[in-house]
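All remarks here apply to the structure that follows.
In the text below, chain A, chain B and the rest are named by the order of the sequence lines, each starting its count at 1. Nothing here was measured: the structure is a model prediction, and the numbers come from that model.
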There are 2 protein chains.
Amino acid sequence: MTMAQAHLIGVDWGTSHLRVFRIGGAGAVLEVRASPAGMGSLAREGFEPALWEALAGWEDVPVVCCGMVGARQGWVEAPYARAPAAPADLAARMIRAPTDRPVWVVPGVAQYAASGDLDDVMRGEEVQIAGVMDGNATGLVICPGTHSKWVDVQGGRITRFRTFMTGELHHLLSQQSILRHSVGESATASAAFLAVVARSLDGESLSSALFSIRVATLGQRMTQADASAALSGLLVGAEIAAARREFAVGPSELVGSPDLCRLYAAALDLAGFGRATLRDAGEATPHGLWRIWTEASRT
Amino acid sequence: MTMAQAHLIGVDWGTSHLRVFRIGGAGAVLEVRASPAGMGSLAREGFEPALWEALAGWEDVPVVCCGMVGARQGWVEAPYARAPAAPADLAARMIRAPTDRPVWVVPGVAQYAASGDLDDVMRGEEVQIAGVMDGNATGLVICPGTHSKWVDVQGGRITRFRTFMTGELHHLLSQQSILRHSVGESATASAAFLAVVARSLDGESLSSALFSIRVATLGQRMTQADASAALSGLLVGAEIAAARREFAVGPSELVGSPDLCRLYAAALDLAGFGRATLRDAGEATPHGLWRIWTEASRT
């Protein structure tokens with residue numbers, strides 16, 4: 001028995017994580033490693049050694065990176081591609097890192113307003129989208145997370161998107177605010193969660209509803225689990241309420257962590273979007289990197 | 001010349017501050033001291049020594065305290081008075097601290113829903129309100145801050161109120177979120193602030209508008225000062241937009257720090273509430289403590 005040979009190394013490098021993928025001939029992921037060496041913990045001269053350490057013992061094949069590593073404050077700046085952007089546009093704008101071995105960094109995508117002003121940006125989600133939307137696919141993709149993205153894809157191109165700070169608000173409120181005494185574990189798509197999503201879709205005010213979670217746990221009529229459900233329900237509901245004023249209501253591809261995707265899928269269904277297709281970002285990212293690399297090899 | 005004699009010591013004791021007031025015959029504040037010995041920095045056995053240290057050299061007259069010091073997790077629990085609540089109701093429910101010298105703690109106010117569930121709470125603002133609303137006053141009082149309170153006062157009683165987590169959200173977002181790179185000093189009631197208040201009153205989504213501040217500073221079309229104005233404008237605007245669905249639109253008394261009151265006054269005027277009267281919380285609190293003490297002495 002011979003070990004399958006890697007053709008590409010994919011790297012997902014964000015502020016708080018580094019994940020590397022050994023990718024075989026047809027884009028199959030052969031092996032995955034995760035390291036805590038996120039950008040946030042590294043000085044500029046620390047990036048290259050951290051990468052080689054993460055790849056120790058793997059084949060000397062091309063490396064393609066995505067995520068905040070390509071931001072101005074990252075390792076190698078890969079200036080944004082402009083929407084509408086297809087995987088081939090990302091491939092054409094990859095930047096070579098100053099390393100002996102070939103390492104490339106995929107750009108993010110920027111959207112401009114009619115006035116010419118920068119309107120929104122993404123870094124990393126464009127690769128997940130390349131990983132789940134085939135050649136000429138059209139539809140709505142939602143990437144829930146720290147900075148959730150709602151993305152219109154037309155004929156395989158990212159045409160329009162909007163960012164919501166939902167995950168970051170959830171983190172700050174559950175860890176650092178007065179609500180940290182009230183909420184427990186991560187929420188699931190419970191009846192309590194859906195009841196609060198419904199109130200939030202009806203336009204309930206976030207900042208008074210947040211305090212009401214504190215009051216309800218003070219009054220001991222709400223458990224920690226229900227308080228977690230209420231916090232997530234308010235934030236996810238507010239995101240969907242705002243997004244449905246800007247995006248067509250209909251089925252979507254949800255790309256993210258499986259738990260978070262299940263939560264969003266239940267809320268989207270309640271909001272009238274129908275059934276979403278759930279895609280694991282841990283698979284979408286190496287698939288997207290393979291696809292972008294394939295586009296680059298074609299030219 | 002003789003020094004005016006104190007008749008009462010007022011104490012405003014919150015999570016992060018301790019302020020003490022020497023109060024003379026007619027309720028006049030003769031002297032103020034501030035100490036960093038907030039509740040958050042003290043164990044239960046530390047409260048009494050911290051108080052005596054703050055009052056060193058002052059007359060041995062009765063002491064009346066308000067604020068989170070009377071919460072369950074504070075020094076001496078003073079259970080909430082139930083709305084509707086007048087200063088006399090607060091006076092009747094003061095709790096004596098376990099000290100040799102007479103020290104009293106003023107209760108907060110709790111509001112219950114028709115179902116009997118605890119609906120909202122305040123601790124400290126009830127004293128500010130007693131300080132600015134005379135005997136039979138009726139009107140809207142707004143206490144902007146970490147947890148902003150909108151309060152209906154009828155015939156001198158607190159009849160109904162709602163809390164908004166505006167100040168806490170502002171603190172978390174400006175200090176701990178990705179926006180910390182974008183915003184500068186505290187906002188003033190500038191044209192930039194009012195433009196964003198107007199958008200927020202029109203129902204703009206908070207979590208996408210927050211990220212747009214980050215994008216606008218990335219694109220370098222927005223200064224730090226305008227980013228601060230935008231963050232405050234979004235949060236204050238969202239509070240007023242929600243509150244005006246629940247409270248009658250009209251003139252109000254604004255009680256808080258002078259800078260914050262000026263910001264709210266401009267936003268309230270824009271939202272159709274007319275001109276607010278600005279009251280400094282640093283004066284309202286000792287005045288309210290004096291008034292509650294006077295009520296207690298009557299019985």
Subject >> Test item: B:R162 side-chain N/O and A:S208 main-chain N/O as donor-acceptor pair under 3.5 Å >> reply: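 No.
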**OP:** Tell me, out of B:D120, B:T166, B:L206, who's got the most heavy-atom pairs with chain A below 4.5 Å.
**Re:**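 Looking at each option in turn, the highest pair count goes to B:D120.
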Roughly how far apart are [X] [atom1] and [Y] [atom2], rounded to 0.5 Å?
| X | Y | atom1 | atom2 | answer |
| --- | --- | --- | --- | --- |
| B:S115 | A:R221 | OG | CZ | 6.5 Å |
| B:I178 | A:T15 | CD1 | OG1 | 7.5 Å |
| B:Q73 | A:H181 | CD | NE2 | 7.0 Å |
| B:S205 | A:M165 | OG | CE | 11.0 Å |

**OP:** Please lay out, stage by stage, how A:R214 and B:V121 fare under the test side-chain contact (heavy atoms from CB on, under 4.5 Å).
**Re:** CA-CA 10 Å; A:R214 173 65 180 152; B:V121 294; over 6 Å; no
Which atoms of [X] are under 4.5 Å from chain A, going by heavy atoms: the side chain, the backbone, both sets, or neither?
| X | value |
| --- | --- |
| B:Q111 | neither |
| B:E168 | side chain |
| B:S212 | neither |

Original post:
Do you know which of A:E239, A:H171, A:E246, A:R245 has the most heavy-atom pairs under 4.5 Å to chain B?
Top reply: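 Between A:E239, A:H171, A:E246, A:R245, the count favours A:R245.
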Subject >> Pairs of heavy atoms under 4.5 Å with chain B: top-ranked of A:W150, A:F164, A:F211 >> reply: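 The option with the most such pairs is A:F211.
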Subject >> From CA spacing to verdict: side-chain contact (heavy atoms from CB on, under 4.5 Å), A:L173, B:L172 >> reply: CA-CA 8 Å; A:L173 288 164; B:L172 291 170; 4.2 Å; yes
Original post:
Is there side-chain contact between A:Y80 and B:L218, with heavy atoms separated by less than 4.5 Å?
Top reply: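 Yes, at least one pair of side-chain atoms sits under 4.5 Å.
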